[in-house]
Amino acid sequence: MTSADHAPDPALLQAIECYYDAVPRSAAVAEDFGPLTLFVRKGSTGWHYYARPTPGHDGPAATAEDVRRVLERQRELGLPEAFEWVAEQNPELRAAVEAAGLAVHEHPLLVLGPEDGAAPAPALPERVTVRVLGADAPELAAAVAVPHLAFGDPGTAIGAAGAAELATAAARLTDEGAVARIAGRITDGVSALAAVLDGDEVLCAGQHNPVGPVTEVVGVGTLPSARRRGLGLAVTAALVAHARANGVRTVFLSAADEDVARIYRRAGFRPFATALIAEPA
């Protein structure tokens, strides 16, 4: 069932589908499996990607056997067994994925189109600022690390992880090369990263990854000890403003669940479709 109030705009669905196919290609190799495409990251650091429907495929729809072929390749490469797609764009894929033994999870997709006005950023204390960071920003390592701590302690409740845990995570991600990878993406213009700073302490961060006139807001996470201050909305507003200032017309994101989707509605986003993620049960 779609999270939108009516049938999604076909042109918008197609634009999002093209984006989903294009955005991994800056950091991954695409392997062709007919109705499915598997993205395999380049190098040893960075995100592990997924398989998804092949845009424009004009042959038979993917079957459970097609899904199993991709799963065998993911296992061979030691990759997560993961598929992602938009329910309204490829409604037939769910049955094939479930027949291959995977569990499917639904996530609301929300959009801020060129005709949609973004909500104003929430007011923050005077000492707290929101900035889009450059590749050489001294706060970059902490800003890369914050979402890792946030997603390791999911939900919106205030948690225990604070400055000490953030410093440890930032050092680890620097050693692993993750910070240098994000710096390279910022330099190349394929990622932008915004952070909330209290002095020089990073409290929240997130990214958007533009491809032409479309971008996705991803990885917005707040330091667990700093939750419930509107910081995620402040980062999202900064990312939207940056995207719009750089010619992006359509900004979208996927929410973990309806509770999180309600937060993004406060930033002006509207629901339009449903993202599906499949993984082993």
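One is the number of the first residue; the rest follow in order along the sequence.
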Do any N or O atoms from the side chain of S225 and from the backbone of A161 form a donor-acceptor pair under 3.5 angstrom? yes
Does K42 reach the side chain of V29, with side-chain heavy atoms less than 4.5 Å apart? yes
Heavy atoms, side chains only, cut-off 4.5 Å: are Q74 and P80 in contact? no
Between E72 and R75, is there a side-chain N and carboxylate O pair less than 4.0 Å apart? no
Give a yes or no on whether the backbone of V260 and the side-chain of D257 come within a donor-acceptor separation of less than 3.5 Å. yes
Without swapping roles, check the side chain of T168 against the backbone of A164 for a donor-acceptor pair under 3.5 Å. yes
Answer yes or no: is there a donor N or O on one side and an acceptor on the other, between the side chain of D188 and the main chain of R185, under 3.5 Å? no
So do L223 and V202 actually touch side chain to side chain, heavy atoms under 4.5 Å? no
Is it the case that the side chain of D66 and the backbone of T63 share a donor-acceptor pair, with hydrogens and angles ignored and the cut-off at 3.5 Å? yes
Passes salt bridge (Lys or Arg N to Asp or Glu O under 4.0 Å), R73 versus E81? Steps please. CA-CA 9 Å; R73 178 62 172 158; E81 297 171 24; over 6 Å; no
First locate atom OG1 of T215, then atom CG of L253, and finally report the distance between them rounded to the nearest 0.5 Å. 10.5 Å
Under the ring-ring contact (aromatic ring centres under 6.0 Å, His included) test, residues paired with Y20 that sit two or more places apart: F252
Do S254 side-chain atoms and H107 backbone N/O form a donor-acceptor pair below 3.5 Å? no
Any salt bridge linking R127 with E201? Criterion: basic side-chain nitrogen under 4.0 Å from a carboxylate oxygen. no
Do side-chain atoms of E216 reach the backbone of V251 as a donor and acceptor pair under 3.5 angstrom? no
For the pair T54 (side chain) and L36 (backbone), establish whether a donor and an acceptor sit closer than 3.5 Å, ignoring hydrogens and angles. yes
Could you give the distance from CG (L71) to CD (E76), rounded to the nearest 0.5 Å? 12.5 Å
Side chains of E98 and V104: closer than 4.5 Å at any heavy-atom pair? yes
Can R52 and D21 be counted as an ion pair, charged N to O under 4.0 angstrom? no
Taking a hydrophobic cluster as the set of Ile, Leu, Val, Met, Phe, Trp and Tyr residues connected by side-chain heavy atoms closer than 4.5 Å, whether directly or through intermediates, do Y49 and V97 fall within one such cluster? no
Side chain proximity check, L79 to Y50, heavy atoms < 4.5 angstrom: no
Straight-line distance of R249 CZ to L112 CG, nearest 0.5 Å: 12.0 Å
Please check: side-chain N/O of E88 versus main-chain N/O of L13, any donor-acceptor pairing under 3.5 Å? no
Can you name the ring-ring contact (aromatic ring centres under 6.0 Å, His included) partners of H242, sequence neighbours left out? H208
Side-chain contact, heavy-atom cut-off 4.5 Å: P53 with L93? yes
To the nearest 0.5 Å, what is the distance between CZ (R244) and CG (N246)? 12.5 Å
Checking R181 against E176 for the salt bridge (Lys or Arg N to Asp or Glu O under 4.0 Å) test, could you report, in this order, the C-alpha distance in whole Å, the side-chain angles of both residues, the deciding distance, and whether it holds? CA-CA 10 Å; R181 182 182 62 80; E176 292 175 357; over 6 Å; no
If two hydrophobic side chains count as joined below 4.5 Å and joins carry through other members, does V179 share a cluster with L193? yes
If a pair satisfies salt bridge (charged side-chain N to carboxylate O under 4.0 Å, His left out) and one of its residues is in residues 135-158, list it, with sequence neighbours excluded. R131-E139, D153-R227
Any chance the side chains of R228 and T222 put a donor and an acceptor closer than 3.5 Å? no
Flag the pair R270 / L110 as yes when at least one side-chain heavy-atom distance between them is below 4.5 Å, and no otherwise. no
Would a 4.5 Å heavy-atom cut-off, applied to side chains only, mark L203 and V146 as touching? no
